[in-house]
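What follows is a short report on a single structure.
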Amino acid sequence: FDMFVLAFVERLFRTTYRKDDFVLGKKLGEGAFGVVYRASLAKKPSSKNDGDLVLKKATEYGAVEIWMNERVRRACANCCADFVYGFFENSSKKGGEYWLIWRYEGEATLADLMISREFPYNVQTLILGEVQDLPKGIERENRIIQTIMSQILFALDGLHSTGIVHRDIKPQNVIFSEGSRTFKIIDLGAAADLRVGINYIPKEFLLDPRYAAPEQYIMSTQTPSAPSAPVATALSPVLWQLNLPDRFDIYSAGLIFLQMAFPGLRTDSGLIQFNRQLKRCDYDLSAWRKTVEPRASPDLRKGFQLLDIDGGIGWELLTSMVRYKARQRISAKTALAHPYFDREGLLALSFMQ
Ligand code: ADP
Ligand code: MG
């Protein structure tokens, strides 16, 4: 822990920005451990009141989040929102707070987009712009969903190859970057860096139960139960191989895939009900399908129909992500090579119209 503090003290002296350099705008989010604002640099306020930056004021957990963001910026910059800067700000409040700054990527998370009646066509518009006369239909929806899934898996593969497990993958933490016209991952506040061994155990209770894989506690046998500070645990790549902690994120990403395919599962209540049903089926998706399909609503039937396109290749991918046993789940890298993605995606589609 001392080493960790030292690293921060050292960083403090390299600081080129501080509190007064930023002007805060609209509040974008507020969780138990931080508040997120739109912001701009005081020296060059943007023409509108909304700045081109995003600022998170975080509690003690912010230290780990800065660590993760700096690592990601160096190792897989395009996976996540563009991180600018992080520092510790002493304040009158006890302990002070961590400030984290990113580029403002855009206004919509996947959660915002998914809840719209236009989904997934609203995403097609974001990626391709207004395209006239593209026919709507289940095939098209499948292509758009396929494109979104490939971008999420691409970002996850980047994080996992870096040794980082996100642990809070959900539509609210996937943002559409208007600059690159792709989805990126945000919110590394619950992430664990297993190669270097930076992990924040107390955050386990924060895992979002709607998207958490059944094992819930990754690497729980190697880590102490409740330290009050970031702990370093020496985890070798061998242990990574044994425990496959990355598969925790794959389960969550599988649930996003499921929600995109089944409109009725996009709401909180729909997802919670699904989770209950799946648990009753011992986390066996095929068993779940058998119980619900005979008396399926039109909504459910549409989801199965979408996943059954091309001989059920989508269903095959989904069932290889949402599995009870972590080691039976596909990795992000292997998933990207899955035949579901053989079909050309959205961009190719725009040339074919
Ligand atoms: P929290 O810990 O509150 O979940 P997040 O990092 O997920 O914090 O950010 C909260 C919200 O702020 C996000 O859901 C998103 O709407 C917005 N947001 C976060 N980062 C960015 C960014 N780089 N660009 C645009 N919006 C962002
Ligand atoms: Mg979040």
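Both counts, for ligands and for their atoms, begin at 1 and track the order of listing.
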May I ask you to decide whether [X] forms a salt bridge with [Y], counting only side-chain N to carboxylate O separations under 4.0 Å?
| X | Y | value |
| --- | --- | --- |
| D168 | K170 | yes |
| R329 | E215 | yes |
| R210 | D268 | yes |
| D187 | K56 | yes |
| D308 | K302 | no |
| E293 | K290 | no |

For R247 against R327, the heavy-atom pair lying closest together: NH1-O, 4.4 Å
side-chain contact (heavy atoms from CB on, under 4.5 Å) between V72 and W67, intermediate numbers included: CA-CA 9 Å; V72 165; W67 165 277; over 6 Å; no
Residue and atom names of protein N/O/S atoms that fall under 2.8 Å from the Mg ion (ligand 2): N173 OD1, D187 OD2
Output field: ring centroids F262/F304 closer than 6.0 Å: yes
When you check ligand 1 against the protein, what N or O pairs turn up below 3.5 Å? List the atom names and distances, or just say none.
{"residue": "ligand 1", "atom": "2 (O)", "partner": "K56", "partner atom": "NZ", "Å": "3.3"}
{"residue": "ligand 1", "atom": "2 (O)", "partner": "D187", "partner atom": "OD2", "Å": "3.4"}
{"residue": "ligand 1", "atom": "4 (O)", "partner": "D187", "partner atom": "OD2", "Å": "2.9"}
{"residue": "ligand 1", "atom": "6 (O)", "partner": "K56", "partner atom": "NZ", "Å": "3.1"}
{"residue": "ligand 1", "atom": "7 (O)", "partner": "N173", "partner atom": "OD1", "Å": "3.1"}
{"residue": "ligand 1", "atom": "7 (O)", "partner": "D187", "partner atom": "OD2", "Å": "3.0"}
{"residue": "ligand 1", "atom": "8 (O)", "partner": "K56", "partner atom": "NZ", "Å": "3.2"}
{"residue": "ligand 1", "atom": "14 (O)", "partner": "Q172", "partner atom": "O", "Å": "3.4"}
{"residue": "ligand 1", "atom": "23 (N)", "partner": "R103", "partner atom": "O", "Å": "3.0"}
{"residue": "ligand 1", "atom": "24 (N)", "partner": "E105", "partner atom": "N", "Å": "2.9"}

